[in-house]
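Treat the numbers as computed from the prediction; the structure is a model and nothing was measured.
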Amino acid sequence: MKQNPGTVATRPKAGREERAPTAPPHFTELISPNPGIDFLRWAPIAIAGTWLFILLGLASVWYHGGLNYGIDFAGGTLVQVRFAKPESVADVRAGLSRADLKEVIVQDVGGGGKEFQIRVLGSGEETEMADADSVKNGLRDAFGEGTYDVLRVERVGPKVGKDLWRQATLAVLVATIMMGIYIAFRFDLRFGVGAAVALIHDVLFTVAALSLAHMEFDLTTVAGLLTVVGFSVHDTVIISDRIRENLRKLRKENLASLINLSVNETLSRTIITNGTAITVTGALFLLGGSTIHSFAFTLLIGFIVGTYSSIYIASPVVLLMERWRAGSR
């Protein structure tokens with residue numbers, strides 16, 4: 001190596017090592033790869049609490065005589081109006097106290113008391129147009145011409161509503177069963193049963209939350225339930241895949257320890273990805289407007305409980321089946 005005159009080559013002092021500059025930590029490294037949390041320790045309490053909530057929700061469904069079915073399932077006519085100035089629900093309901101309108105439900109859907117959904121339930125197909133006209137006439141007589149705008153009008157016959165309800169129920173059941181079968185073939189029967197139980201749990205929990213919150217249950221809500229089924233099974237697949245990998249690598253470890261290890265190893269991914277989805281659906285619920293209010297609520301509750309069930313429902317079922325299998329040998 002050539003050196004300039006008058007310069008002396010220097011060497012690092014003995015005992016001192018040169019270290020390459022370290023890159024800043026990645027965001028995912030802020031969460032330890034294995035926090036060492038004993039999730040299964042709290043499984044009995046978590047399972048008891050969640051099924052108690054489901055029982056309360058089912059009791060709410062029985063107490064109210066069913067869910068708060070929308071026009072899609074109950075049949076009837078929906079008219080959404082916006083007033084020029086704020087009005088009260090009582091005044092709107094009083095203006096619709098007419099002999100030609102049977103069961104009328106008035107709901108304030110935001111806008112500072114200016115926007116309302118008016119539903120006339122249980123009408124026959126031949127009276128649907130008459131119901132919409134009666135609502136418009138009642139509002140005009142009570143508040144005057146030009147004081148409100150009709151935003152939308154929907155009509156569904158009772159027969160169509162019953163058919164839609166049967167098809168929606170069948171869609172959710174088939175999706176749940178097929179997801180469980182898929183995981184059973186992909187991994188093991190234990191994981192398939194755990195996934196199926198977790199999916200049923202998620203659907204029941206979300207329906208219970210809808211009933212307790214008295215949210216409207218319509219076709220968009222069913223679409224939300226189907227989305228929740230897909231989301232929940234995806235999270236279950238991630239954890240099940242890690243459990244299967246650890247079963248191959250750590251054959252001497254017991255299954256309970258491997259489940260805890262697998263959940264801890266995937267915790268960083270769960271918090272980041274599922275947390276992002278929950279944040280987005282929360283914003284959609286708060287800012288999305290009345291039209292998709294029930295849909296966004298279904299997604300929000302379903303995503304939260306889907307994350308929870310992959311840890312505290314599916315995994316304990318896998319462990320329970322393994323212990324049952326070991327005891328039957």
Test of understanding: with side chain to side chain contact (heavy atoms under 4.5 Å, CB included), list the residues that count as partners of A46, not counting sequence neighbours.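 A46: side chain to side chain contact (heavy atoms under 4.5 Å, CB included) contacts with Y308, Y312.
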If the condition is side chain to side chain contact (heavy atoms under 4.5 Å, CB included), which residues does L204 pass it with, not counting sequence neighbours?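 For L204, the residues satisfying side chain to side chain contact (heavy atoms under 4.5 Å, CB included) (neighbours in sequence not counted) are W51, I54, I200.
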List for me each residue that meets ring pair (Phe, Tyr, Trp, His ring centres under 6.0 Å) alongside [X], sequence neighbours excluded, and say none if there are none.
| X | result |
| --- | --- |
| F185 | none |
| H64 | H214 |
| F205 | F53, H201 |
| F295 | none |

Verdict with supporting geometry, V150 and V135, side chain to side chain contact (heavy atoms under 4.5 Å, CB included): CA-CA 10 Å; V150 177; V135 168; over 6 Å; no
Which value, rounded to the nearest 0.5 Å, describes the distance between [X] atom [atom1] and [Y] atom [atom2]?
| X | Y | atom1 | atom2 | answer |
| --- | --- | --- | --- | --- |
| N260 | I311 | CG | CD1 | 10.0 Å |
| T77 | R119 | OG1 | CZ | 12.0 Å |
| L225 | L210 | CG | CG | 6.5 Å |
| M215 | T298 | CE | OG1 | 8.5 Å |
| T169 | R166 | OG1 | CZ | 9.5 Å |
| L67 | S60 | CG | OG | 8.5 Å |

Ring geometry between F303 and F231 (parallel below 30°, tilted from 30 to 60°, perpendicular above 60°):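 The arrangement is parallel - the two ring planes meet at less than 30°.
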I want to check something: taking the side chain as every heavy atom from C-beta on, are [X] and [Y] in contact at a cut-off of under 4.5 Å?
| X | Y | answer |
| --- | --- | --- |
| Q117 | L78 | yes |
| I304 | I278 | yes |
| F39 | L267 | yes |
| E265 | N246 | yes |
| R244 | D241 | yes |
| L96 | V92 | yes |
| L58 | W62 | no |
| L255 | R190 | yes |

Is there a path of hydrophobic side-chain contacts, each under 4.5 Å between heavy atoms, that joins [X] and [Y]?
| X | Y | value |
| --- | --- | --- |
| L286 | L299 | yes |
| I239 | L250 | yes |
| I313 | Y182 | yes |
| L247 | L319 | yes |
| L151 | V120 | no |

Does the [X] side chain pair with the main chain of [Y], one donor and one acceptor, at a distance under 3.5 Å?
| X | Y | answer |
| --- | --- | --- |
| T266 | V263 | yes |
| S232 | G302 | no |
| S294 | E216 | yes |
| S315 | S310 | yes |
| T227 | A223 | yes |
| S211 | V207 | no |
| N264 | I37 | yes |

Distance flag, aromatic centroids of Y148 and F143, threshold under 6.0 Å: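 They do not qualify: ring centres at least 6.0 Å apart.
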Smallest separation among heavy atoms of [X] and [Y], with atom names:
| X | Y | result |
| --- | --- | --- |
| G306 | D202 | CA-OD2, 3.7 Å |
| I301 | A209 | CG2-CB, 3.9 Å |
| G95 | A142 | CA-CB, 3.7 Å |

Run E253 and L261 through side chain to side chain contact (heavy atoms under 4.5 Å, CB included) and show every step you take. CA-CA 10 Å; E253 290 288 337; L261 175 63; over 6 Å; no
D235/R269 salt bridge by N-O under 4.0 Å criterion: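 Answer for the salt bridge query: yes.
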Please evaluate residues E87 and T147 with respect to the criterion side chain to side chain contact (heavy atoms under 4.5 Å, CB included), reporting the C-alpha separation (whole Å), side-chain torsions for both, the decisive distance (0.1 Å), and the verdict. CA-CA 11 Å; E87 303 289 349; T147 58; over 6 Å; no
Start with the C-alpha gap between V222 and F217, add the side-chain angles, then the distance that decides, and say whether side chain to side chain contact (heavy atoms under 4.5 Å, CB included) holds. CA-CA 8 Å; V222 175; F217 193 88; 4.0 Å; yes
Does R140 have more than 12 heavy atoms from other residues, nucleotides or ligands lying within 6.0 Å of its CZ?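 Above 12, so yes.
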